[in-house]
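Okay, structure first, notes after.
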Amino acid sequence: MSEILQKIRNRTATAVVIGLGYVGLSVAVEAARASYLVYGIDIDQDKVDQLQSGKSYVSDIKDEDIQTLIHQRLHAVNEFSSIAEADVVIICLPTPLNKTREPDVSMISSAVASIIQYVTKDTLIILESTTYPGTTEELIQKVIEDEMGWKAGKDFFVCYSPERIDPGNRKFNVKNTPKIIGGISPVCAELGAQFYGSFLQEVIPVSSTAAAEMVKLLENTFRSVNIALVNELTLMCDRMGINIWEIIDAASSKPFGYIPFFPGPGIGGHCIPIDPIYLSWRAKMFGFHNKFIELADDINSNMPRYVVSQITDILNEYEKPLKNSNILCIGMAYKKDVNDLRESPALEVFKLLQQKEANVTYYDPHIPHFKNDGQMVYSVELTSEAIAEADLVVIITDHSSIDYPLIVENAALLYDTRNVTKPLEGNIMLLGGHKRYGNTFLRDEIFQTDMEGRDSFD
Ligand SMILES: NC(=O)c1ccc[n+]([C@@H]2O[C@H](COP(=O)([O-])OP(=O)(O)OC[C@H]3O[C@@H](n4cnc5c(N)ncnc54)[C@H](O)[C@@H]3O)[C@@H](O)[C@H]2O)c1
């Protein structure tokens, strides 16, 4: 341990990051900035090529950041032999759900198989991928101990440290977000804390890898459940003729005991829709059925359908069927200011509208194109003509750079699922069934009459 500790202290340690996606590239860049020699491994040759030519594909990392580090302290490669040089190996691979919505940890297992081929004694191995409690022990510690005949905490070191990066967040980044770390043993935890502490602002140790795994799942389950709560209250307020946006604004004036969450067209990204399912799946192995998680998943995943039902209601009021109507979707990314489409609720809204035979187009400054049922779809330009040609414009993702006044001025019908048009004067329909005229919220008769006797999730 003393040798690797010394290398961390004088920054001569070599770090290998496996998986150069949103998480891995951010960690690799930060470690390289701290003077570590970093090898980033990714099986996606296109990503490796882009990095090698000084280009970033992650919206929070600038090309200049890559250009100053690449070929010097940062090397992007598509094979695993650099692990032989590594003092620290950080695994940042995807942890999706499979077709039956169960955890798919196969990429972690495949990385461990590659590590075993090259790893040398005294290496510190850290898992950053979000996963269920017990993964680090089962898939990393035990497998390497069995295959190599080594003992964790003595011959090699193992930690879990969840990545808490929030893409698009301008205030908090990898460096200034406190880093949780749990080790297989106190020695492992100490090494992990020393490593991250050498280039991140704050490290918070917890008692075990399972505790560190659970911290991340608590954080994301908290978000999923609270978003679901406000989404369900939106549907309830809709029935009751109460404006949820006004209620949230007013409740947010309470300086203690309340944290505002906002309704929306559904949840997306790699984390919030997936991570809680990892936890409920694991809990079932302990005979525990987690009701909150399942319920939140059910409510959140039905929001795109609710959005489409409100679009249908609005058009109906203006004597237009959804079929053959021109619908312009604003924003396809799963959340504002990112170029990530994964699990985006906008994709489902888009598909559902197409299934109802609407003519659907989209505008997203961060997503120039995407594949829909095998066919490439391209973003239109946001011009007054494109807006005016649509029978209805629906704001799904509230990117900061979008010209909302242009949309408000030119849209025949505007439906805003994020209340991003709040500062603007106009005739705007909001998620939850209210219209806003200027700064005044009015209950819209469209929704009042039409909602009676209808099920929440039709
Ligand atoms: N994206 C986020 O905001 C975020 C935040 C916190 C935690 N996480 C978690 O971090 C983990 C990684 O997420 P991400 O968003 O960076 O994923 P990502 O899909 O953006 O990146 C993963 C990368 O791994 C590469 N890869 C896949 N298999 C590989 C293999 N066998 N060897 C080498 N490279 C391989 C892929 O090509 C890809 O570039 C996940 O567990 C996720 O839940 C993500």
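Remember, it's 1-based here, ligands and their atoms both numbered in the order they're listed. Here the structure is a predicted model, which means the values were calculated and not measured.
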Worksheet item: Can you tell if the side chain of L353 reaches within under 4.5 Å of the side chain of I311, non-hydrogen atoms only?
Response: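 Answer yes - side chains close enough.
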
Considering heavy atoms of the protein only, find what lies nearest to [atom] and give residue, atom and distance to 0.1 Å.
atom: atom 21 (O) of ligand 1; value: G21 CA, 3.0 Å
atom: atom 44 (C) of ligand 1; value: V23 CG2, 3.3 Å
atom: atom 6 (C) of ligand 1; value: E163 O, 3.0 Å
atom: atom 41 (O) of ligand 1; value: T95 OG1, 2.6 Å
atom: atom 24 (O) of ligand 1; value: G19 CA, 3.4 Å
atom: atom 25 (C) of ligand 1; value: D42 OD2, 3.2 Å

Within reach of ligand 1, part of [X] (heavy-atom separation under 4.0 Å):
X: R342; result: side chain
X: Y57; result: neither
X: D166; result: neither
X: C92; result: backbone

Side chains of [Y] and [X]: any donor to acceptor distance under 3.5 Å?
X: E163; Y: T130; value: no
X: N220; Y: D275; value: yes
X: S400; Y: D337; value: yes

May I ask you to list the atoms of ligand 1 that are less than 4.0 angstrom from any heavy atom of [X]?
X: F80; result: 32 (N)
X: M107; result: 27 (C), 28 (N)
X: K216; result: 6 (C), 7 (C)
X: D44; result: 37 (O)
X: Y22; result: 1 (N), 15 (O), 16 (O), 20 (O)
X: P167; result: 3 (O)

Worksheet item: Does S110 have a heavy atom less than 4.0 Å from any atom of ligand 1?
Response: yes

Practice prompt. Output yes when D42 and K47 qualify as a salt bridge under the 4.0 Å nitrogen-oxygen rule, no when they do not.
Written response: no

Fill in: Salt-bridge contact D249-K422 (side-chain N to carboxylate O under 4.0 Å)
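Counted as a salt bridge, because a side-chain N and a carboxylate O are separated by less than 4.0 Å.
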
Practice prompt. Please report the shortest heavy-atom distance between A32 and L74, naming the atom on each side.
Written response: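 The pair with the smallest heavy-atom distance is CB-CB, 4.2 Å.
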
Discussion item. Taking side-chain hydrogen bond (donor to acceptor under 3.5 Å, both in side chains) as the criterion, tell me which of E213, K179, E128 meets it with S161.
Written reply: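 Of the listed residues E213, K179, E128, the side-chain hydrogen bond (donor to acceptor under 3.5 Å, both in side chains) partner of S161 is K179.
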
Worksheet entry | Residue R33 excluded, over 12 heavy atoms near CZ under 6.0 Å |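 More than 12 heavy atoms, drawn from other residues, nucleotides or ligands, come within 6.0 Å of this atom.
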
Item to complete: Count the heavy atoms of every other residue, nucleotide or ligand shown that sit under 6.0 Å from NZ of K356, and state whether that count exceeds 12.
Response: no

Worksheet item: Nearest non-hydrogen atom to atom 28 (N) of ligand 1 belongs to which of I43, T131, D340, I165?
Response: I43

Worksheet item: Counting heavy atoms only, which of L25, V58, L93 comes nearest to atom 29 (C) of ligand 1?
Response: L93

Item to complete: Please determine which of I61, D60, V17 meets the side-chain contact (heavy atoms from CB on, under 4.5 Å) test together with L25.
Response: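 Single pass found, and it is I61.
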
Item to complete: Test side chain to side chain contact (heavy atoms under 4.5 Å, CB included) on V377 and H369 and set out the steps.
Response: CA-CA 5 Å; V377 189; H369 49 76; over 6 Å; no

Sub-3.5 Å N/O-N/O distance, [X] and ligand 1:
X: D275; result: no
X: E128; result: no
X: K47; result: yes
X: H270; result: yes
X: T130; result: yes

Worksheet entry | E294 and H289: CA distance, side-chain angles, deciding distance, side chain to side chain contact (heavy atoms under 4.5 Å, CB included) verdict | CA-CA 9 Å; E294 308 278 330; H289 184 73; 4.2 Å; yes

Practice prompt. Please assess T421 against D416 for the test side-chain hydrogen bond (donor to acceptor under 3.5 Å, both in side chains), listing each intermediate value before the final yes or no.
Written response: CA-CA 7 Å; T421 54; D416 179 359; 2.7 Å; yes

